[in-house]
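Okay, so here's the structure we're looking at.
Numbers here are sequence positions counted from 1.
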Amino acid sequence: MKRKEKAKAKPYRSALDNSIWSFRGILRDAPLLFGLMILEVPLHVFLSYAGIWLPALVVAEVTNEKGMSHAFLAVGALILLMLAADILSSLCGQMAEGCLSRYQFLRGWEVDAKSLGLFYQTYEKTEIRSLRERAVRATQTWNGVQPISDVPRRSMKLVENILCYVLFGSVVSFVHPLLVLFLTLAPAVNWFCARAYRRWEYSHRGQWTDLDRRIWYVQGVTSDFQAAKDIRIYGMAGWFKEVYADLEAQRLGWEKQMLVRQFLSRVADLVVILLRDGLAYVLLIRMILEGSITVDRFLLYFSAISMFATFIGNIMDEWNGIRATSLDVCDYRRYMDLPEQDGTGEADVESLLGTAPEVVFDHVSFCYDGAKENTLDDIVLTIKPGEKVALVGENGAGKTTLVKLLCGLYLPTKGEIRIGGIPFGKFHRREYYRLFSAVFQDVQTGFFSLAETVSGQGAAETDEARAVECIRRAGLSEKLDALPQGIHTRLDKQLHRDGTDLSGGEAQKLMLARALYKDAPILVLDEPTAALDPIAENQIYLQYRDMTRDKTVLFISHRLASTRFCDRILYLKDGKVAEEGTHEELMALGGEYAGMYEMQSCWYKV
C-alpha cells in the first residue's frame, strides 16, 4: 500500500525535464526572451563580483603609493563599467518582462484551447476538471509566483548562482581550501528539509484544490445575479455563510500545516547559517590579527565569504523553487498531454451534409466509470432518413446518455453507432460534429450579440440576414423587434449597460435559432421547450414539422403530449427500449407509455 502511495506522489515529469521543456517553448514562442535571459547571466555575475571588488580596490588604491589620479582612474573605470552593466541589465529585464507576459498568455490560452477541444467524456470527469484547475493555476500568478514562467526564470538564476559560486569559491579558497568544502556541505540539512516539505505539499495538493473549487463555487453562486432572488426569498444567506465558513476553516487547517512545515524548514536553515558563517568569520579574523593578509584582502575575502554563503543559499532556494514550481508545471503538462479521442478521418462528412442520413445503434451499451450496471444496455435502433423519433421515459432511463452517444460526446462501452452507414470511428471528431444541430436542456447564452450567439462565430463571419431569419422562425420576432440595436444587441446586462437579459423560454428559443442556423442534417432536441409555457410550447411544435423538413430528428421530452408530431416514439426503461411505435399504437397497447400519458394528461383536463 505504501509503495502505491509513493508511486502516486511521484511527479509527472522531472524538474530537469520541465526546465528543458520550458526553454523549448520559449525558443519557439519568444526567442527574444531566451536571448535576453542568456545576456542577463554574465551581466549579473559581473555586477556581483564587481560589488565585492570595488571596496577592496578603493582600500588598495588609498593605501598604495600610486597617487590619487591613479586611484580615481582605476575606481572610476570600474564604477563606469558597473553603471553600464546595470543599465544594460535593467533594460534586458524590462524587455524580458514584456516578452514573458506574451509567453504566459500563450500558455494560458493553450489550457483554454485544450479545454474547448478535449473529448467531452474525458472533460466531464471530476478528476479531470480538478486537474484543469491546477493547470490554470500554473499559468497564473499566486503569491508572486507564476509557475509556468518561474521554471525557466529560476533555471537561469540557478545557472547564474552556480557561476558566481565557482567565481567566489576561487576567492574563498585563498583563505583556506577546506573552507569552500565546509561552506558548501553545511546547507545540505536545509536542502533535505525543503525537499521533504515540497514532497508533502505535492502529495496533498489534491485536498486543497478540491476545497478551493468548492470555495470558488460558493463565491460564484452568491455573486450570481440569477440566484439573488432565491437567496433572499428563501433566506439562504446565513446558510451560505455557514458553508463558506466551514470550507474556509478546512482550508485554513491546511494552510496552518503548510506554515508549520515551512517554519521548521526555515529554523533548520537559520541554525546552519549561524554555524557556517560563524566558523568562517572566526578564521578570517584570526588571519588579519596574525598579519597573514592585508586590509584590502581582508575586505575582499570577508565580502567574498558573505556572498559565497548567499550564492549557496540561492542555489538551494532556486533549486527548491524549481522543484516546487515544476510540480505545478507537471499538472499543466499532464493536462495538456491528455489523450484525444479521435477517429481515423477515413470518412468524408461532406457527402452526408446535404441529405438526412440514417442513424443506426448496433447493440450499443454504455456504462459510466465506476458504475456497476450499464446505463444503456444493448440498444438496437435504426432511425430512417428524415424520420422524427421521440425518446421518452422516466428520469434516469438513459435518454440524455443516448443523445450524448449519438452526438459523439461519449464512446459506447460496447457496440457501434453508424451515420449513413459509416461508423463513428471513421470520422474526425470535429467533422463528425458538423452532422448535428442540438438544443440541450441546459442553456448557456454567454455575453455576445444575438447574431454572434446564433451563428456561433464572430461578427465578421456571421450571415446577419440568415441569423435574423432563424431568430424569427424560432419565435423571437417580437423580442427582436423590441430591441433598439436589434440583432446586434448584446446579452448579459451585468457586462453590457445596453445589453439585454433573456427569460428561460427566450433563451431556449435562441438556442433553437442557433440550431436552425447551423442547418445540420441531424437535429437533436433535448427538452427544448422545458422553459416554455404550454401555449408557447404548442406554437413551437406546430412549427417543428416545417423546421425539421428533410432532417433526421431525435427528440427528448418529459411532456408526452409534445411527442405527437413525431413519426415514432421510443419508451426507454432501465436502459432498454421497452416500447416502440406511434402515439396511437402505444396508447392502444396500454403499456407504460399509455399509463404515463394518462397521468400527465389529467392535469390538462378541466
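- The heavy-atom pair separating Met156 from Met37 by the smallest distance is CG-CE, 3.4 Å.
- For Lys241, the NZ atom sits in a loose shell: 12 or fewer heavy atoms of surrounding residues, nucleotides or ligands are nearer than 6.0 Å.
- Annotation: the span from Tyr433 atom OH to Lys518 atom NZ amounts to 10.0 Å, rounded to 0.5 Å.
- Around atom CD of Gln94, no more than 12 heavy atoms belonging to other residues, nucleotides or ligands sit under 6.0 Å away.
- Using a 4.5 Å heavy-atom threshold, the side chains of Thr126 and Arg129 count as touching.
- In this structure a side-chain-to-backbone donor-acceptor pair under 3.5 Å is present from Thr413 to Cys367.
- Rounded to the nearest 0.5 angstrom, Leu118 CG and Glu340 CD are separated by 5.5 Å.
- Distance alone, capped at 3.5 Å, is enough to place a donor-acceptor pair between the Gln121 side chain and the Leu411 backbone.
- Using a cut-off of 4.0 Å between Lys/Arg side-chain N and Asp/Glu carboxylate O, Glu248 and Arg251 are scored as not salt-bridged.
- Distance alone, capped at 3.5 Å, is enough to place a donor-acceptor pair between the Ser455 side chain and the Ala451 backbone.
- Counting heavy-atom neighbours within 6.0 Å of Arg430 CZ, excluding the residue itself, gives a total of 12 or less.
- Summarising the geometry, atom CD1 belonging to Ile128 is positioned 4.5 Å from atom CG belonging to Leu338; distances are rounded to the nearest 0.5 Å.
- Although no hydrogens or angles enter the test, the distance criterion places a donor-acceptor pair under 3.5 Å between the side chain of Asn161 and the main chain of Lys157.
- Taking CG from Leu510 and CZ from Arg514, the interatomic distance works out to 8.0 Å, rounded to the nearest 0.5 Å.
- The residues Asp331 and Arg137 are annotated as not salt-bridged, no charged nitrogen and carboxylate oxygen being separated by less than 4.0 angstrom.
- Although no hydrogens or angles enter the test, the distance criterion places no donor-acceptor pair under 3.5 Å between the side chain of Glu431 and the main chain of His428.
- A salt bridge (Lys or Arg N to Asp or Glu O under 4.0 Å) with Arg107 is found for exactly one of Asp150, Asp29, Asp328, namely Asp29.
- The shortest distance between side-chain heavy atoms of Arg132 and Asp112 falls below 4.5 Å.
- Between Thr139 and Gln104, the closest side-chain pair of non-hydrogen atoms is not below 4.5 Å.
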Take Asp246 and Glu242 through the side-chain contact (heavy atoms from CB on, under 4.5 Å) test and state the conclusion after the steps.
CA-CA 6 Å; Asp246 178 62; Glu242 291 178 5; over 6 Å; no

side-chain contact (heavy atoms from CB on, under 4.5 Å) between Asp501 and Leu491, worked out:
CA-CA 6 Å; Asp501 288 329; Leu491 302 175; over 6 Å; no

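- Contact check for Val171 versus Leu167: no side-chain heavy atoms found under the 4.5 Å cut-off.
- Pairing each heavy atom of Leu299 with each of Ala56, the nearest pair is CD2-N, 3.9 Å.
- In terms of heavy-atom proximity, Gly169 sits nearest to Val180 at O-CG2, 3.4 Å.
- In terms of heavy-atom proximity, Val349 sits nearest to Phe427 at CA-CE2, 4.2 Å.
- In this pair, Tyr410 and Phe366 present their aromatic rings parallel. The plane angle is below 30°, not in the 30 to 60° band.
- Taking a 6.0 Å sphere around CZ of Arg434, one finds it holds more than 12 heavy atoms contributed by other residues, nucleotides or ligands.
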Set out, in order, the CA-CA distance, both residues' side-chain angles and the distance that settles side-chain contact (heavy atoms from CB on, under 4.5 Å) for Val439 and Asp526, then state yes or no.
CA-CA 6 Å; Val439 181; Asp526 185 359; over 6 Å; no

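- Ring geometry for Phe174 versus Tyr301: interplanar angle under 30°, hence parallel rather than tilted (30 to 60°).
- The closest side-chain heavy-atom distance from Phe168 to Ile52 is below 4.5 Å.
- Counting heavy atoms of neighbouring residues, nucleotides and ligands inside a 6.0 Å radius, atom CZ of Arg28 exceeds 12 of them.
- With a 4.5 Å cut-off on side-chain heavy atoms, Phe311 and Ser48 count as touching.
- For Pro11 against Cys330, the heavy-atom pair with the smallest separation is CB-SG, 4.1 Å.
- Residues Arg13 and Arg334 form no side-chain contact, since every pair of their non-hydrogen atoms from C-beta on lies 4.5 Å or further apart.
- Using cut-offs of 30° and 60° for the angle between ring planes, the Tyr165 and Phe308 rings count as parallel.
- Without hydrogens or angle criteria, Asp342 side chain to Arg429 main chain gives a donor-acceptor distance under 3.5 Å.
- A donor-acceptor contact under 3.5 angstrom links the side chains of Ser155 and Ser19, judged on distance only.
- Atoms OH and OG, on Tyr517 and Ser437 in that order, are 12.0 Å from each other to the nearest 0.5 Å.
- In this structure a side-chain-to-backbone donor-acceptor pair under 3.5 Å is missing from Gln140 to Gln146.
- Shown here is Trp216, whose CH2 atom has more than 12 heavy atoms of other residues, nucleotides or ligands within 6.0 Å.
- Summarising the geometry of Ala96 relative to Leu33, their closest heavy-atom pair is O-CD1, 3.5 Å, with the distance given to 0.1 Å.
- In the model, Asn18 has a side-chain atom that pairs as donor or acceptor with a side-chain atom of Ser326 under 3.5 Å.
- For the atom pair NZ of Lys404 and CD of Glu124, the computed distance is 4.5 Å after rounding to the nearest 0.5 Å.
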Take Val403 and Phe440, measure what side-chain contact (heavy atoms from CB on, under 4.5 Å) needs, and give me the verdict at the end.
CA-CA 10 Å; Val403 165; Phe440 296 109; 4.0 Å; yes

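- Counting heavy atoms from C-beta on, the side chains of Ser115 and Tyr335 come closer than 4.5 Å.
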